[in-house]
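To start, the structure itself, in structure tokens.
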Amino acid sequence: TGEIIIPPLYEDISSFHAGYSIVKFNDKYGVINKFNKVIVPFEYDDIDTSYVGLYPISKNGKSGFMNFQATPMKISDLADNTGEWLRGTGAESDIVISSRIRLARNVARFPFLSRANVKQKRELEESVRNKIKEAEITSDLHYINLANIDPVERLFLVERHLISREHAGGEGERGVAFGKSETISLMVNEEDHLRIQVIRSGFELKEAWKTIDDVDNKLEKKLTYAYSSRIGYFTACLTNVGTGMRASVMLHLSALGLA
């Protein structure tokens, strides 16, 4: 309609994501919403918009992270909540603890990680991270660069099944994006360029498939996968070539110690 929603008051302004925009005013950065209400005061020297979910910030020579909801977020905050897959609310959860599906995907024109150099890994992580942001998979997505957190925090993410042990122990630029319920997890620069994971409580493989198929379709619109109509999806491990899919369930094994 041509109506001015945000008046031209700012020295710099980012695109809106999840209803928020990072803006610069009087040489300081802050966050506003679509109604031009200041959500985070203009007191930061920098807020990096290249990250999805968690935005690196700097203030008075100190660095930290802010999530897209403009509230501080730390790995320890996850300890206050339980992931959906741990709640025992799914079908047949008295027997089946969880159902998980993973998809392995690689980006065309980039070498497999075992052959990639440091520069290529950095470029790949940045590219996939930004495409995850553009895909708008879920409004509460957080992205964490694993190279920027300590080993104990990475181990915590392993225990919550958000990343693999190999991902935690890897080197170079790599990260993970996940939602508040921890149902969806996107591992960047693990064994493959991208590992998409959906994990649900109980025996819920069909629901997990519906979710992961939707996530994969959204990402495929933003990323050009390494794919052949004859072979399928190219993966770092030959056992994953084709669909790139692995499905599994975790079961209670009653009286195992008595067997």
Side-chain angles (χ1 to χ4, degrees), residues 14-15 17 48-56 65 68 100-138 141-149 151 153-154 157-158 161-179 184-199 209 211-247:
S14 73
S15 299
H17 175 66
D48 188 351
T49 61
S50 64
Y51 281 64
V52 59
L54 292 179
Y55 298 114
F65 284 89
F68 74 90
R100 178 168 61 175
I101 298 180
R102 291 189 301 172
L103 297 177
R105 299 289 185 258
N106 288 277
V107 181
R109 296 186 296 277
F110 277 95
F112 289 128
L113 292 175
S114 59
R115 296 295 186 93
N117 57 38
V118 173
K119 180 181 178 181
Q120 289 169 325
K121 289 180 181 179
R122 185 184 303 115
E123 291 176 352
L124 182 61
E125 188 273 336
E126 180 179 3
S127 175
V128 175
R129 168 175 26 99
N130 289 333
K131 296 304 181 183
I132 290 173
K133 177 179 179 179
E134 293 175 14
E136 297 183 345
I137 294 164
T138 176
L141 204 68
H142 301 289
Y143 187 92
I144 294 177
N145 188 318
L146 299 180
N148 293 337
I149 62 175
E153 290 175 318
R154 291 197 290 268
L157 295 177
V158 172
H161 289 203
L162 292 170
I163 63 174
S164 65
R165 290 190 179 276
E166 292 76 14
H167 203 198
E171 297 181 352
E173 294 298 320
R174 63 202 191 283
V176 60
F178 55 90
I184 298 171
S185 171
L186 307 171
M187 289 171 269
V188 179
N189 282 2
E190 196 234 23
E191 180 181 42
D192 293 284
H193 299 161
L194 177 63
R195 283 283 178 93
I196 308 168
Q197 173 183 277
V198 168
I199 183 169
W209 167 251
T211 302
I212 204 168
D213 185 44
D214 180 63
V215 172
D216 189 37
N217 288 337
K218 288 180 178 179
L219 288 169
E220 196 161 15
K221 292 178 181 178
K222 303 296 180 179
L223 292 165
T224 302
Y225 289 151
Y227 175 81
S228 163
S229 59
R230 183 174 64 88
I231 298 174
Y233 293 98
F234 291 98
T235 58
C237 180
L238 285 174
T239 58
N240 291 327
V241 170
T243 63
M245 183 180 77
R246 287 192 176 185

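- For residues 184-193, the pairs satisfying salt bridge (Lys or Arg N to Asp or Glu O under 4.0 Å) are Glu190-Arg195, Glu191-Arg195, Asp192-Arg195, with sequence neighbours left out.
- Aromatic ring orientation, Phe112 versus His193: tilted (interplanar angle from 30° to 60°).
- Across all their heavy atoms, Met187 and Leu162 have their closest contact at CG-O, 3.7 Å.
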Assess whether salt bridge (Lys or Arg N to Asp or Glu O under 4.0 Å) is satisfied between Glu134 and Lys131, documenting all intermediate values.
CA-CA 5 Å; Glu134 293 175 14; Lys131 296 304 181 183; 3.6 Å; yes
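- Summarising the geometry of Ala247 relative to Ile101, their closest heavy-atom pair is CB-CG1, 4.0 Å, with the distance given to 0.1 Å.
- Within 6.0 Å of CG on Leu238 lie no more than 12 heavy atoms contributed by other residues, nucleotides or ligands.
- Atom-to-atom distance recorded for Asn148:CG and Glu153:CD is 10.5 Å, nearest 0.5 angstrom.
- Note that the CG atom of Leu124 and the CD atom of Glu173 stand 11.0 Å from one another [nearest 0.5 Å].
- With Gln120 contributing its side chain and Asn117 its backbone, the two residues share a donor-acceptor pair below 3.5 Å.
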Check step by step if side-chain contact (heavy atoms from CB on, under 4.5 Å) holds for Tyr233 and Met245.
CA-CA 10 Å; Tyr233 293 98; Met245 183 180 77; over 6 Å; no
Passes side-chain contact (heavy atoms from CB on, under 4.5 Å), Arg122 versus Glu125? Steps please.
CA-CA 5 Å; Arg122 185 184 303 115; Glu125 188 273 336; 5.7 Å; no
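- Taken from CG in Asp213 to CD1 in Ile196, the straight-line distance is 10.0 Å, to the nearest 0.5 Å.
- Counting heavy atoms from C-beta outward, Leu219 and Leu186 have side chains that approach closer than 4.5 Å.
- Between the Asp216 side chain and the Ile212 main chain, no donor and acceptor come within less than 3.5 Å of each other.
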side-chain contact (heavy atoms from CB on, under 4.5 Å) assessment of Ile163 paired with Phe178
CA-CA 10 Å; Ile163 63 174; Phe178 55 90; over 6 Å; no
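- Of all the heavy atoms in Gly172 and Ala147, the pair that sits closest is O-CB, 3.8 Å.
- Side chains of Leu223 and Leu194 form a contact here, defined as non-hydrogen atoms less than 4.5 Å apart.
- Looking at every heavy atom in both residues, Asn189 comes nearest to Lys121 through ND2-O, 3.1 Å.
- Looking at every heavy atom in both residues, Leu141 comes nearest to Gly179 through CD1-N, 3.9 Å.
- With rounding to the nearest 0.5 Å, the separation of NE2 in His167 from OG in Ser185 is 8.5 Å.
- Rounding to the nearest 0.5 Å places CZ of Arg100 at 5.5 Å from CD1 of Ile199.
- By the 4.5 Å heavy-atom criterion applied to side chains, Arg129 and Asn145 are not counted as neighbours.
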Could you walk me through whether Asn106 and Phe234 pass side-chain contact (heavy atoms from CB on, under 4.5 Å), step by step?
CA-CA 7 Å; Asn106 288 277; Phe234 291 98; 5.6 Å; no
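- Taken to the nearest 0.5 Å, the CZ atom of Arg105 stands 10.0 Å off from the CG atom of Asn240.
- Take Asp214 and apply the side-chain contact (heavy atoms from CB on, under 4.5 Å) test, not counting sequence neighbours, and it matches Lys218.
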